[in-house]
Amino acid sequence: MYSVKHTNFDSNRKSICLWHVMPLQWILLLFLFFGQFNNSFAQATVTASGTWSTATWSPAAPVAGQSVIVNVGCTLTVDQSTFPINDLTINGVVIISNTAVSIMTIGGNITVNAGGRLENNGVIEFTTAGKNFTLNGNATYVHNPRNNALLDESIFELSNEVFSATSNLIIQKWFDPSVPLGSADRVQSSIFGNVTLSAPIGGPGNWDQDGCFALPVSNRIRGKLTVTEGTIVMDDGTGNTSNLALGDVDILNNGNIVFQRGQNRSLTMTSGNFNLSNNIAARTTTVMDTSFGVLNWTINGNMTINGNFNAVFGNNYSTGADIRVTVNGNLTIGAGISHFVNKADAPLRVTVSGTTTLAGMSGGTYCTFIEGGNGTLTFTTNDLIVSGGPNWYFNGNPAAGLQAKGVSNITINNDFNLTGTSNVYFAWADSMANKTTVRVVRDFNLSGGGVVTNAYTNGAATFRVQRNWNQTSGKFNGQFYTLSAGLDSIIVGTNFTFNSATATDYFSGNRGNGITAITCGGNWNVLNSGNGTRQGVVCVDSSASVLNFTVTGNFVQNGGRFIGSERGSGNINITVNGILDMNAGTFRGILNTTNSVPANATFLAGSID
């Protein structure tokens, strides 16, 4: 009887359990079934371009909470306020329109794949902290929000950014210029690919980056940096950074960069091609702005300056800077006012592995490598081409508040060609007692209508051309300062040729009072020139300088004018080891119609033809 009860109890219990369990199983099965069914609708894919309401969606237009995918070749234009979506994956293009109602709300991850583009001209509300914002491959994000409010930066503030080294981030508006793009409150840890900063900045116009592009690694920007608006201050001292590695740098339109401000510190910087081609009215791009230390800047490419530029800027010729710039390519300086060392007392070393071209436009173009102070200039290039621009000063200029006084060493390892109507001054400071040396390893070709002045100083000056000197147009001054007592040396390794049809062109060896030494290892040729005072070849011009003139080869004159000392009072010594071949023109050892001081002339020639 017990067993039957027990059996009946068990049977009843089983029946009870079945009636309670079976509905739960069916509910679970139904949930899984509809869950699987709804998974096919958990995302909506744009398969043909259009606005949010007109685009072609598969399998259907999205509803709240679904993810959105935009296929390759499709453009989705958001022109309305969307309900919150989950993930957004872009293989094509998404554009949020610049209208008051164009608002896209995203609670999940944003992924822009290679070739894709997300352009925010309206509002993106990124609502969930900790989700990813990913730019894969060469994907592009354009940040240009309509309202430019703090909410618009939620895409950076709340997300974890994952940007590839070849991605493109374009910032056309920024709410708070005191917040760096790469700060912990915005792009906190990711590297950057190509970065374009085009946000107009109000107030003083500075967008401080606080060293965030160099922290925690010196090369957070792995692609090109382009600045087209405002002043980007890389580090005003907040980050105290001393290393910065960049790729190519383009500074265009109304943009400029200040790389270092604040406390004194050294800076090691590398970059790819450096191109400053902004509006001349824009602010000056400066590497060290009243912040002094050793600058080691290596440019692995070309350096182009078509705007206002300082490598270092001081306010009262402060000391402490040491500027070293290496260009592993070509250096081209065009329009603008450029000073590598400006109102600072600092040495400068510029090394250019390729060609240096000074090609400024007329008007405000003005360049000085060392503007003033006591710093030594060491400038080395392969070729030097001067094709335009009014004035090019290497060490010192007439407008300096503190005249330059340092040694000047300029080495041109190939040819020096002046083809324009420019003025080139290698050293300009009448208080400079240190030596100026220019060495041209191959040929000096003066074919434009410009002027080359080796020195306007009170020190010794040497201009050495190791091969040929060809002057077919323009003017040359060895020492231009009339009170100079320094030795002036002009050395030509092979042949010297003066052949200009312009009457006012000249070669002037020395206007100062120091000894003049002119030597030529080959032939000295005077073929054509004007015949007036201070025209043609004048070795000593209106001074008490003693002239020592030596030609190893022949002296050939087929026309023009050669004067050993014009209106001078010093002795002259002319030696031609080869043939003195006089065919036409004017030759005078001493031509002195104004100075009553007698002078002696010594002339030696191997033979006279």
Side-chain angles (χ1 to χ4, degrees), residues 425-438 451-465 469 471 475-492 496 498 505-521 524-526 529-552 555 557 560-577 580 582 585-606 608:
Y425 306 94
F426 288 105
W428 184 287
D430 57 24
S431 63
M432 183 187 294
N434 284 308
K435 187 174 182 179
T436 300
T437 302
V438 175
V451 180
V452 174
T453 298
N454 188 35
Y456 182 89
T457 70
N458 199 24
T462 297
F463 194 94
R464 178 191 295 268
V465 177
W469 182 306
Q471 187 170 347
K475 305 170 178 65
F476 174 83
N477 298 298
Q479 174 59 264
F480 197 65
Y481 183 47
T482 58
L483 299 180
S484 174
L487 171 67
D488 180 46
S489 301
I490 298 173
I491 303 167
V492 181
F496 173 96
F498 189 100
D505 287 345
Y506 61 78
F507 167 98
S508 175
N510 191 1
R511 293 187 182 181
N513 295 315
I515 295 173
T516 304
I518 300 176
T519 61
C520 177
W524 188 279
N525 305 295
V526 180
S529 77
N531 291 306
T533 300
R534 197 171 283 166
Q535 294 178 359
V537 177
V538 179
C539 298
V540 173
D541 187 356
S542 307
S543 75
S545 174
V546 172
L547 171 65
N548 295 311
F549 179 89
T550 303
V551 177
T552 301
F555 186 107
Q557 187 166 2
R561 184 172 184 264
F562 175 90
I563 310 296
S565 176
E566 182 169 26
R567 298 179 298 183
S569 59
N571 297 330
I572 69 166
N573 301 287
I574 298 178
T575 301
V576 178
N577 292 326
L580 176 62
M582 291 288 301
T586 299
F587 180 100
R588 299 286 187 273
I590 297 176
L591 179 61
N592 184 3
T593 59
T594 60
N595 201 318
S596 61
V597 179
N600 296 320
T602 301
F603 186 91
L604 297 174
I608 299 176

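Keep in mind it's a predicted model, so treat the numbers as computed, not measured.
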Can you tell me how far apart CG (Asn571) and CD1 (Ile515) are? Round to the nearest 0.5 Å.
10.5 Å

Which pair of non-hydrogen atoms, one from Gly564 and one from Cys539, has the smallest distance, and what is that distance?
O-CB, 3.2 Å

Going through the checks in order, is the side-chain contact (heavy atoms from CB on, under 4.5 Å) test met by Thr453 and Val451?
CA-CA 6 Å; Thr453 298; Val451 180; 3.8 Å; yes

Would a distance-only check, ignoring hydrogens and angles, find a side-chain to backbone donor-acceptor pair under 3.5 Å from Ser543 to Gly512?
yes

What residue among Phe426, Phe463, Tyr425 forms ring pair (Phe, Tyr, Trp, His ring centres under 6.0 Å) with Phe476?
Phe463

Between Asn454 and Gly478, what is the shortest heavy-atom contact and its length?
CB-O, 3.2 Å

With side-chain contact (heavy atoms from CB on, under 4.5 Å) as the test, would you mind laying out the steps for Leu547 and Ser565 before giving the verdict?
CA-CA 8 Å; Leu547 171 65; Ser565 176; 5.5 Å; no

Does any N or O in the side chain of Ser542 come within less than 3.5 Å of the main-chain N or O of Gly568, such that one atom is a donor and the other an acceptor?
no

Worked check of side-chain contact (heavy atoms from CB on, under 4.5 Å) between Phe496 and Ile518
CA-CA 11 Å; Phe496 173 96; Ile518 300 176; over 6 Å; no

Here the pair of heavy atoms bringing Ala599 nearest to Ser569 is CB-O, 3.6 Å

For the residue pair Phe555 and Phe562, is the inter-centroid distance of their aromatic rings smaller than 6.0 Å?
yes

In terms of ring plane angle, is the pair Tyr456 and Trp428 parallel, tilted or perpendicular, where the classes change at 30° and 60°?
parallel

CD (Gln557) and CZ (Phe498) are apart, to the nearest 0.5 Å, by 11.0 Å

Rounded to the nearest 0.5 Å, how far does CG of Asn458 lie from CG of Asn513?
9.5 Å

To the nearest 0.5 Å, tell me how far Ile563 CD1 sits from Ile572 CD1.
9.5 Å

Side chain proximity check, Val538 to Arg561, heavy atoms < 4.5 angstrom
yes

Do Asp541 and Ser508 touch side chain to side chain, with heavy atoms closer than 4.5 Å?
yes

Distance (rounded to the nearest 0.5 Å) between Arg567 CZ and Arg534 CZ:
5.0 Å

Please give me the minimum heavy-atom distance between Gly589 and Ile574, naming the atom from each residue.
CA-CD1, 4.4 Å

Minimum heavy-atom separation for Leu487 and Ala517, please, with both atom names.
CD1-CB, 4.5 Å

Value for CZ (Phe480) from CG (Asp430), rounded to nearest 0.5 Å, stands at 12.5 Å

Please give me the minimum heavy-atom distance between Gln479 and Ser484, naming the atom from each residue.
NE2-OG, 3.4 Å

Quick one, Ile490 and Phe507 - any side-chain contact, counting heavy atoms below 4.5 Å?
yes

